[in-house]
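First the structure, in the form of structure tokens, and then the observations on it.
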Protein chains: 2
Amino acid sequence: MTDRLRQHLKFFTDLTDPEWQALESHLQVKTISRKDFLVQQGEKATEIGFLLSGSCRVFYDKDGEEWTTYFCFENNLVAAYASCLTGQPSTLNIQALEDCELLFFKYETLAALYRQFPVYETFARKLAEYLFMGLDVRLAEQLMLSPEERYLKFLGSPAKRKITERIPQQYIASYLGITPVSLSRIRRRIISS
Amino acid sequence: MTDRLRQHLKFFTDLTDPEWQALESHLQVKTISRKDFLVQQGEKATEIGFLLSGSCRVFYDKDGEEWTTYFCFENNLVAAYASCLTGQPSTLNIQALEDCELLFFKYETLAALYRQFPVYETFARKLAEYLFMGLDVRLAEQLMLSPEERYLKFLGSPAKRKITERIPQQYIASYLGITPVSLSRIRRRIISS
DNA sequence: GCAACTTCTTAACAAAAGATAACGAATCAG
DNA sequence: CTGATTCGTTATCTTTTGTTAAGAAGTTGC
């Protein structure tokens, strides 16, 4: 079961058996139900998760308005990483959209491994670089594409297409930075053209 | 002169004299004039710059529309970092807003130092984490704040306030994701309230 | 199975933003 | 210094989005 995480980490760095075992020995499992929170704003995040099954959304809450920054599916890491890094309370929420099963380890475990195995420092560098580049693209789209263009691009991405089949439209609207009503209109406009 | 860069790097990691000298020996200086490009979209970026004086804007060009992601001033790093990391052509442009004097080194120099001095791996990790967290906040603001709220927040940030004094309004509009005309209206609305 | 809750769509209206153009003020380059 | 260019504001008009509310369809949880 933990093999799937090891496989995923290969995307960033290769780990020797001893290196991997150092992390593996700290892995724990947990399951959470649909609508449960993995992280709630205001509380300090300390864990890095890896979704074995299910899906989550990562979102900000602004006076009851919810704005999604990210969707997460099986075989992917999920964390309020900024809060882990700074030690400050999380400004974002992570909520299960479906029942989830996940592996997790403490961020402090990773940080301790930096000293023991330099490869984890490399891993964390590549992870942060990956997150940076993902946000870079996301911000560019948000800045220069119209809501309609953003939606079309969203549909055009195979990785995200499955999202539209597993996730309520209102959350997609909140990901695109528009209201559900507006997304509904955009969809009608697209269909009738 | 190079001391100012060393000082800046302390924000991320402390460097011993030998560690610092390994990078310092690769530093070069260049000056560019207002409106010159440090990086142009389509070309592969290979350099990490450090502004000694002057200012730059980092922007995307979409069919002639320019959308700013970042402003950069003296004593800060400036680079098309995503292009350096991937080796792919840059999708963004970096242009001098004022005459600039800058130090720079090749990204490959930094990459080579990873193996020689682990501290540079740490430096690059912290740099990427810093960039990630900066974009995280920027995206959140773009998603959940109205143009007017974004502008007020922009003015409220002391680090950015100086921007308004050195940079044409149209570029601030493009940073906020709106048209110059719209920003002008927002300003009038704010003043008369 | 069925009641309660969610979700999506649509309509009507208000508010805001984009597009275009025009004008004066400020800035720049020779 | 000065003509040319750039910049910011304002006006007008169009398009889009937000807001609110209502109803139908679908889903959930006991």
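By convention in this document, chain letters (A, B, ...) are assigned in the order of the sequence lines, proteins followed by strands, and residues within each chain are numbered from 1. Quick caveat: nothing in here was measured; it's all calculated off a predicted structure.
Within the 4.0 Å cut-off from OP1 or OP2 of dT9(D), not a single side-chain nitrogen or oxygen of R188(B) is found. For R185(A) and dA12(C), the shortest distance from a side-chain N or O to OP1 or OP2 is not below 4.0 Å. Listed pair S184(A) / dC8(C) fails the phosphate criterion, with no side-chain N or O lying under 4.0 Å from OP1 or OP2. At dG18(C), one or more side-chain N or O atoms of T179(B) fall inside 4.0 Å of OP1 or OP2 (strictly under the cut-off). Contact annotation: R187(A) side-chain N/O to dT9(C) OP1/OP2 distance is under 4.0 Å. Note on Q169(A): a side-chain N or O is less than 4.0 Å away from OP1 or OP2 of dT9(C). For the pair R150(B) and dA17(C), the criterion of a side-chain N or O lying under 4.0 Å from OP1 or OP2 is not met.
Counting non-hydrogen atoms of neighbouring residues, nucleotides and ligands closer than 6.0 angstrom, the NZ atom of K44(B) reaches no more than 12 such neighbours.
In this structure, the nucleotide among dG18(D), dA19(C), dC28(C) sitting nearest to the side chain of E65(B) is dA19(C).
For S174(A) (side chain) and T68(A) (main-chain N/O), a donor-acceptor pair under 3.5 Å exists by modelled atom type.
The overall bend of the helix from dG1(C)-dC30(D) to dG30(C)-dC1(D), read as the angle between its terminal helix axes built from five base pairs each, is 70° when rounded to 10 degrees.
Between the side chains of R187(A) and Y151(A), a donor-acceptor pair is found at a separation under 3.5 Å.
Contact annotation for I178(B): backbone-only contact, meaning every heavy-atom pair under 4.0 Å involves sugar-phosphate atoms and none involves a base.
In terms of position on DNA chain C, the residue among R34(B) and V181(A) whose nearest nucleotide sits closer to the 5' end is V181(A).
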